[in-house]
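Notes follow the structure.
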Amino acid sequence: MQNCSGTNSNWHFIIMAFGLLLSFPARAEPIEFDCLIEPHVFTEISSPSIGVVDWVGVESNDIVKKNQVLLTLDSSVEKANVALARARTKMSSDIEAKKASLEYNQRKQERINDLYHKKVASFDERDAIETEVNLAKAELQIAKENKLIAELELERAIASLNKRIIRSPIDGVVVERLVSAGESAEEKTLYKLAQIDPLNVEVIAPIHNFGSIKKGMKAIVIPEAPVGGEYEATTTIVDRVLDAATGTFGFRLELPNPNNQLPAGLKCRVRFDSE
């Protein structure tokens, strides 16, 4: 007679092991999408004022820093206006003269008031000197206001001069230079600049993946050959409006790009690894 208890124990062990295997969730496969690496910011630089280009400071493919001078326009008139306005702000002779006149009339007023109280000076004399003091005060105030106006005119002249200096609004790279020295800067693009640190990774995904991609999720970006490699990026934007016509939605990742090592304009694959 066979030992049934040993057989039953074996089957019991097999069933328990199978149950444990079923209790572990199946590991989800990574999901991948086609993507495009683009500049974080792309801007076209134009001039706020009309003029002739005097000096060009950077060329295509140059790396530029924010506020770096890209070019200057002819500014001989603006420089002269700044010099004239600065000279006017330093002119203090008028104020000093009006101040001296006021002080003189105030001393004279004190003497006449003293004589008036002693019944020596007449009321008309007292009234006349009081009028002269008030006029001197008004003239001193006008001189001070003129100096303030001169200071404001200097600020305006400097602002006008600064408009002749075209600076970069971003840290980035010069995509294209579209003007040369001697050309007019009127109503035209002077430079095209791109910020490529960080980079934007733009993705169009099937609508059935909506909800599985969330802001803050990490992903691996794989640029096309010959660049290649794998780089970690973070999801920053997920569209809230879906495109029913194509059955898709878009989302964006931000890819750090220190030292501008990766170029923009590359096709890529983005992979979300399962946890």
(message) Could you list the cluster mates of Met91? Members are the ILVMFWY residues connected by side-chain heavy atoms closer than 4.5 Å, either directly or through other members.
(response) none
(message) Distance check, rounded to the nearest 0.5 Å: Ile207 atom CD1 versus Thr246 atom OG1?
(response) 8.0 Å
(message) To check you understand the geometry: which heavy-atom pair defines the closest contact between Asp273 and Pro30, and what is its length?
(response) OD1-CB, 3.7 Å
Return all side-chain donor-acceptor pairs below 3.5 angstrom for residues 65-79, not counting sequence neighbours, or 'none' if the list is empty.
from	atom 1	to	atom 2	distance (Å)
Gln68	OE1	Lys65	N	3.0

(request) Spell out, yes or no, whether Leu199 and Val64 are grouped together once hydrophobic residues are joined by side-chain heavy atoms under 4.5 Å, including indirect joins. (result) no
(request) Examine distances only and state if a side-chain atom of Lys214 and a backbone atom of Gly211 form a donor-acceptor pair shorter than 3.5 Å. (result) yes
(request) Step through the shown structure and confirm whether more than 12 heavy atoms of other residues, nucleotides or ligands are within 6.0 Å of NZ on Lys147. (result) yes
(message) Count I, L, V, M, F, W, Y as connected when their side-chain heavy atoms are under 4.5 Å apart, and connections chain through other members. Are Leu262 and Ile170 then in the same cluster?
(response) no
(message) side-chain contact (heavy atoms from CB on, under 4.5 Å) for Leu140 and Ile95? Distances and angles first, verdict last.
(response) CA-CA 6 Å; Leu140 176 60; Ile95 292 179; 4.0 Å; yes
(message) When you group the ILVMFWY residues by side-chain heavy-atom contacts below 4.5 Å and let the links chain together, are Ile45 and Val58 in the same group?
(response) yes
(message) Can you tell me how far apart OG (Ser160) and CG (Asn81) are? Round to the nearest 0.5 Å.
(response) 7.0 Å
(request) List the atom of Ala185, the atom of Leu190, and the distance in Å for their closest heavy-atom pair. (result) CB-CD2, 4.0 Å
(message) Does any part of the side chain of Gln195, heavy atoms only, come nearer than 4.5 Å to the side chain of Pro39, both counted from C-beta?
(response) no
(request) Could you tell me whether a side-chain N or O of Arg164 sits under 3.5 Å from a main-chain N or O of Ile50, the two making a donor and an acceptor? (result) yes
(request) I would like to know whether Lys188 and Leu178 meet side-chain contact (heavy atoms from CB on, under 4.5 Å); could you show each step before the answer? (result) CA-CA 9 Å; Lys188 65 186 298 184; Leu178 299 169; 5.9 Å; no
(message) Same cluster or not: Val238 versus Val201, using hydrophobic residues (I, L, V, M, F, W, Y) connected whenever any side-chain heavy atoms lie under 4.5 Å apart?
(response) yes
(message) Using a 4.5 Å cut-off between side-chain heavy atoms of Ile, Leu, Val, Met, Phe, Trp and Tyr, which other residues end up in the same hydrophobic cluster as Ile158?
(response) Val82, Leu154, Leu161
(message) On a heavy-atom basis, which atom in Leu36 and which in Lys267 lie closest, and how many Å separate them?
(response) CD1-N, 4.1 Å
(message) Clusters formed by hydrophobic residues whose side-chain heavy atoms approach within less than 4.5 Å: which one holds Val120, and what are its other members?
(response) Leu115
(message) Nearest 0.5 Å, please: how far is CG in Asn257 from CD1 in Ile196?
(response) 5.5 Å
(message) Grouping I, L, V, M, F, W and Y whenever their side-chain heavy atoms are under 4.5 Å apart, do Ile31 and Leu253 come out in a common cluster?
(response) yes
Using a 3.5 Å cut-off and no angle test, enumerate the donor-acceptor pairs between side-chain atoms of residues 121-136 and protein atoms at least two apart in sequence or in another chain.
from	atom 1	to	atom 2	distance (Å)
Ser122	OG	Glu125	N	3.3
Ser122	OG	Glu125	OE1	3.4
Glu125	OE1	Ser122	N	2.9
Arg126	NE	Asn113	OD1	3.4
Thr131	OG1	Asp127	O	2.9
Asn134	ND2	Glu130	O	3.3

(message) Going by salt bridge (Lys or Arg N to Asp or Glu O under 4.0 Å), name the residues that satisfy it together with Glu139, two or more places apart in sequence or in a different chain.
(response) Lys98
(message) Holding to salt bridge (Lys or Arg N to Asp or Glu O under 4.0 Å), I want the full list of residues that pass it with Glu145, two or more places apart in sequence or in another chain.
(response) none
(request) Taking the side chain as every heavy atom from C-beta outward, state whether Ser46 and Ile166 have any atom pair closer than 4.5 Å. (result) no
(message) I'd like to check the ring pair (Phe, Tyr, Trp, His ring centres under 6.0 Å) partners of Phe33; sequence neighbours left out, ordered by chain and number.
(response) Phe251
(message) Given 3.5 Å as the limit, does a donor-acceptor pair link the side chain of Thr89 with the main chain of Ala150, or not?
(response) no
(message) Nearest 0.5 angstrom please: Thr234 OG1 to Met217 CE, how far?
(response) 11.0 Å
(message) Strictly by ring-ring contact (aromatic ring centres under 6.0 Å, His included), give each pair with a member in residues 189-228 just once, sequence neighbours left out.
(response) Phe210-Phe249
(request) If you link ILVMFWY side chains whenever their heavy atoms are less than 4.5 Å apart, which other residues fall into the same cluster as Val175? By chain and number, please. (result) Phe42
(message) Between Glu32 and Arg269, does any side-chain N to carboxylate O distance fall below 4.0 Å?
(response) yes
Indicate every side-chain donor-acceptor pair of residues 103-112 with a distance under 3.5 Å to a residue at least two apart or in another chain.
from	atom 1	to	atom 2	distance (Å)
Asn105	ND2	Ser101	O	2.9

(request) In sequence, state the C-alpha distance, the side-chain angles, and the governing distance for Val227 and Leu266, and then conclude on side-chain contact (heavy atoms from CB on, under 4.5 Å). (result) CA-CA 9 Å; Val227 176; Leu266 285 172; 3.6 Å; yes
(request) Write down the atom of Cys35, the atom of Val270, and the distance for their closest heavy-atom approach. (result) SG-N, 3.8 Å
(message) Are Asp171 and Asp197 packed together at the side-chain level, in the sense that at least one heavy-atom pair is separated by less than 4.5 angstrom?
(response) no
(message) To check you understand the geometry: which heavy-atom pair defines the closest contact between Leu255 and Glu232, and what is its length?
(response) CD1-O, 3.4 Å
(message) If I take atom CG from residue Asn146 and atom CD from residue Glu151, how far apart are they, to the nearest 0.5 angstrom?
(response) 11.5 Å
(request) Please report the shortest heavy-atom distance between Val56 and Ala181, naming the atom on each side. (result) CG2-N, 3.8 Å
(message) Could you check whether atom CZ of Arg271 has more than 12 heavy atoms from other residues, nucleotides or ligands sitting under 6.0 Å from it?
(response) yes
(request) Only pairs at least two apart or in different chains count here, so list each salt bridge (charged side-chain N to carboxylate O under 4.0 Å, His left out) that has a residue in residues 234-262. (result) Glu202-Arg252
(message) Distance check, rounded to the nearest 0.5 Å: Leu193 atom CG versus Ile63 atom CD1?
(response) 10.5 Å
